[in-house]
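Quantities reported herein were computed from a predicted structural model and do not represent experimental measurements.
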Amino acid sequence: MSTTTTAPQRRGRGGRERILAAAAQLFATQGINATGMEQVAEEAPVSKRTLYAHFRTKNDLVIAHLQGLVLSGATLESGLTREDVSPRERILMLFDQLTADAGPVRGCPFIDAAAEFPDPHSAVHSYAREQKLRMVQLIAALVTELSCREPLALAEQLATLADGAASRAMVLDEADYGRHARAAAEVLLEQALPDPNRPGE
């Protein structure tokens, strides 16, 4: 009778990447506050000494996790900076579900993080706010490029639609829920575009 054994995962090089991967999985499945640092270390797997060498506090880990999402393009805002898509389509990409896997639909990670760190002065909440303000700035630049009227107000309206759609998609676990907000966004954009029949537009 033969037996098979599973080789233990390496604990040496790549510790930081394994920590972030473990944190991302745990944060997504059970929430940030429900995830302890010891659990992250066990899931990675790394020693607690290694974990705290890379991330002195849990806040540091959470912010690094959110920064990683930004760099990976796994956020609502990722499509806004694409150069291979027209400005209008980049805006409408805000309402597309980022992943098509069979798992539960996730909401916006910045909204989720801000909700779990409600103190507006906390480091995590502040970082989430910065990203949401950046999102509006990116949209405003695109609607300005389209020559839309009142670009800042329009950008806030579109950002509100996108955030609301992402939240409802998560609550309802409905991956294509964004289609409703996309339809509303198309109306907003159409109404804000210059009217060639009006003098001066």
Side-chain angles (χ1 to χ4, degrees), residues 16-37 39-41 43-44 51 54-82 85 90-142 155-182 185:
R16 186 177 193 278
E17 290 73 20
R18 293 204 310 276
I19 292 166
L20 287 171
Q25 177 64 27
L26 291 169
F27 292 164
T29 55
Q30 63 188 32
I32 297 173
N33 287 331
T35 300
M37 293 291 271
Q39 189 179 11
V40 173
E43 185 72 17
L51 172 62
H54 287 291
F55 304 102
R56 188 173 57 85
T57 67
K58 186 175 179 181
N59 277 1
D60 292 339
L61 175 59
V62 174
I63 291 174
H65 161 67
L66 295 175
Q67 290 172 335
L69 291 178
V70 173
L71 293 175
S72 71
T75 65
L76 286 177
E77 299 85 349
S78 61
L80 295 173
T81 57
R82 288 181 55 172
V85 182
R90 274 185 264 174
I91 292 168
L92 295 177
M93 285 173 64
L94 286 168
F95 309 100
D96 296 336
Q97 179 65 22
L98 288 171
T99 58
D101 57 33
V105 176
R106 303 301 179 195
C108 171
F110 305 122
I111 293 177
D112 293 344
E116 293 212 49
F117 292 79
D119 180 358
H121 302 294
S122 71
V124 173
H125 194 110
S126 295
Y127 182 79
R129 179 173 58 249
E130 289 172 8
Q131 294 306 308
K132 284 303 169 186
L133 292 173
R134 176 175 176 269
M135 176 181 176
V136 171
Q137 292 170 353
L138 291 172
I139 298 173
L142 293 176
E156 288 286 0
Q157 293 165 1
L158 292 167
T160 299
L161 276 176
D163 285 337
S167 296
R168 287 185 63 81
M170 182 272 293
V171 172
L172 300 176
D173 194 27
E174 188 175 336
D176 66 341
Y177 185 86
R179 69 189 187 280
H180 302 295
R182 182 186 175 107

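The side-chain heavy atoms of Leu94 and Ile139, taken from C-beta on, include a pair separated by under 4.5 Å. Between Arg179 and Asp176, some side-chain heavy-atom pair lies under the 4.5 Å cut-off. Here the side chains of His125 and Glu116 are not in contact, with every heavy-atom distance at 4.5 Å or above. Inter-residue side-chain proximity for Lys132 and Cys108 is flagged as met; some heavy-atom pair is nearer than 4.5 Å. Looking at heavy atoms from C-beta onward, Glu43 lies out of side-chain contact with Arg18 at the 4.5 angstrom threshold.
Of all non-hydrogen atoms in Val85 and Arg90, the two that sit nearest each other are O-NE, 3.0 Å. The shortest heavy-atom contact between Ala165 and Ala181 is CB-CB, 3.6 Å. The shortest heavy-atom contact between Ala162 and Leu76 is O-CD1, 4.0 Å. Contact between Ala140 and Ala155 at its shortest, heavy atoms only, is N-CB, 3.6 Å.
When atom types are taken as modelled, the side chain of Lys58 and the backbone of Ile32 share a donor-acceptor pair closer than 3.5 angstrom. For the pair Ser167 (side chain) and Asp163 (backbone), a donor-acceptor distance under 3.5 Å is present. Side-chain N or O atoms of Asp173 include one that pairs as donor or acceptor with a backbone N or O of Val105 at under 3.5 Å. Judged by distance alone, the side chain of Arg182 and the main-chain N or O of Phe95 form no donor-acceptor pair under 3.5 Å.
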Side chain to side chain contact (heavy atoms under 4.5 Å, CB included) for His180 and Arg168? Distances and angles first, verdict last. CA-CA 11 Å; His180 302 295; Arg168 287 185 63 81; over 6 Å; no

Go through the steps for Leu20 and Leu61 under the test side chain to side chain contact (heavy atoms under 4.5 Å, CB included), then give the verdict. CA-CA 8 Å; Leu20 287 171; Leu61 175 59; 4.0 Å; yes

Starting from the C-alpha separation in whole Å, work towards a yes-or-no answer on side chain to side chain contact (heavy atoms under 4.5 Å, CB included) for Phe117 and Asn59. CA-CA 10 Å; Phe117 292 79; Asn59 277 1; 3.4 Å; yes

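Arg129 CZ: more than 12 foreign heavy atoms inside a 6.0 Å radius.
Summarising the geometry, atom CD1 belonging to Ile91 is positioned 6.0 Å from atom CG belonging to Leu158; distances are rounded to the nearest 0.5 Å. Considering CE of Met135 and CD of Glu77, their distance stands at 5.0 Å, rounded to 0.5 Å. For the atom pair Tyr127 OH and Ser122 OG, the distance stands at 14.0 Å (nearest 0.5 Å). Distance check, rounded to the nearest 0.5 Å: CE of Met37 to CG of Leu51 gives 4.0 Å. Atom CG of Leu80 sits about 5.5 Å away from atom CG of Leu138, to the nearest 0.5 Å.
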Distance-only donor-acceptor hits, side chain of residues 63-70, under 3.5 Å, sequence neighbours excluded:
none

